Amino acid sequence: MKIVTWNVNSINTRLEHVKRYLRESGPDVLMLQELKTENFPAQDFENLAYHSRAVGQKAYNGVAILSKHDINVIAQRLPGEDSDEQARYIEVEINNLRLINIYAPNGNPVPGEKYDYKLRWMKRLTQRLRDYVANDQSFVIGGDFNIIPEEKDCCDPKAWKDDALFLPNSRKALRTLENLGLYDAFRIFDTRARQFTFWDYQAGAWQKDNGIRIDHFLLSPALTDRMESCVINRDPRGWEKPSDHTPVELTLQTDGKKP
DNA sequence: ATGGTCGTGTGACGA
């Protein structure tokens with residue numbers, strides 16, 4: 001079963017990119033972030049035999065899950081802050097597998113309300129996942145975490161030291177999730193430095209391979225045992241008018257009956 | 001040395 005996460009930076013602008021990716025790569029599940037619209041083009045994906053569920057808002061944020069199989073929506077908001085209306089979270093069940101797709105807050109500029117919100121949001125996420133771990137509920141969480149885990153996940157750590165994506169408290173928030181017993185899927189088989197998922201549009205970052213790794217999958221322990229591969233597919237970042245992110249692709253062993 | 005990129009939506013602002 002192939003599960004992919006991709007921040008597309010506007011689903012309308014990237015519609016043809018996503019359709020091409022579905023045709024060429026045929027994932028079972030595709031998690032999308034930064035839709036930037038409240039009108040999700042579900043029919044375009046139905047035409048390619050993909051079901052979808054989206055949580056959108058005008059101009060900002062937005063997440064969606066596409067699937068070859070039926071989707072049962074569990075939640076469309078991250079609990080813990082009633083006044084938070086930002087579209088950053090969707091949790092579903094597909095073939096009895098629990099899947100969570102997030103677009104975590106960026107947090108810049110620092111310091112400020114945006115950074116406080118980022119840390120509060122990560123605490124809320126920790127609370128939700130802690131309950132699942134405590135109850136032995138298996139799950140995959142993927143998406144744009146907007147956190148650089150380690151120095152080797154960026155080109156020039158000094159350039160990032162005061163950024164919301166790399167500050168100690170941000171990295172600590174990700175580490176706290178791992179300390180629940182979750183695994184950074186990409187790091188199971190690949191310990192190399194400079195394996196990036198995002199390259200800024202500015203200053204020739206893509207051409208210079210000046211990127212960061214901020215798109216992740218975390219797996220609960222039993223699913224980590226089922227993991228076959230987790231790779232970064234750099235190809236779509238090189239297409240015409242690309243997103244600034246590229247897909248991360250996770251493959252889980254099947255149980256023999258279900259994908 | 002400086003400005004340098006997108007997307008939304010038509011203003012700045014977010015990333």
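As the structure is a prediction and not an experimental result, all values here were calculated from the model. The chains referred to below are lettered A, B, ... by the order of the sequence lines, with proteins before strands, and numbering in each begins at 1.
- Residue A/Phe198 is classed as having no contact, given no heavy-atom separation below 4.0 Å to the nucleic acid.
- What separates OH of A/Tyr117 from P of B/dG14 is a distance of 13 Å, to the nearest Å.
- Listed by chain and number, the residues in a ring pair (Phe, Tyr, Trp, His ring centres under 6.0 Å) with A/Trp206 are A/Trp199 (sequence neighbours excluded).
- Under the ring pair (Phe, Tyr, Trp, His ring centres under 6.0 Å) criterion, A/Phe45 pairs with A/Phe40, not counting sequence neighbours.
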Annotated protein contacts, base or backbone, on nucleotides 3-12 of chain B with a non-hydrogen cut-off under 4.0 Å, one of B, S, - each: -BBSSSS---
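- Rounded to a whole angstrom, the distance from the P atom of B/dG14 to that of B/dG9 is 14 Å.
- Each ring pair (Phe, Tyr, Trp, His ring centres under 6.0 Å) pair with one or both residues in residues 10-32 of chain A, not counting sequence neighbours, appears once here: A/Trp6-A/Tyr21.
- Comparing B/dA1 with B/dA12, their C1' atoms are spaced 27 Å from each other, to the whole Å.
- Checked options A/Ile65, A/Asp28, A/Thr251, A/Leu97; the residue passing with A/Ile3 is A/Leu97 (criterion: side chain to side chain contact (heavy atoms under 4.5 Å, CB included)).
- Only the P atoms considered, B/dC6 is 23 Å distant from B/dT2, to the nearest whole Å.
- In this structure, CD of A/Glu34 is placed 13 Å from C1' of B/dC13, rounded to the nearest angstrom.
- Partners of A/Phe217 by ring pair (Phe, Tyr, Trp, His ring centres under 6.0 Å), not counting sequence neighbours: none found.
- By the salt bridge (Lys or Arg N to Asp or Glu O under 4.0 Å) test, A/Asp162 is found to be paired with no residue, residues two or more places apart in sequence or in another chain being considered.
- One interatomic measurement links the two molecules: CG of A/Leu165 to P of B/dG14, which rounds to 15 Å at whole-angstrom precision.
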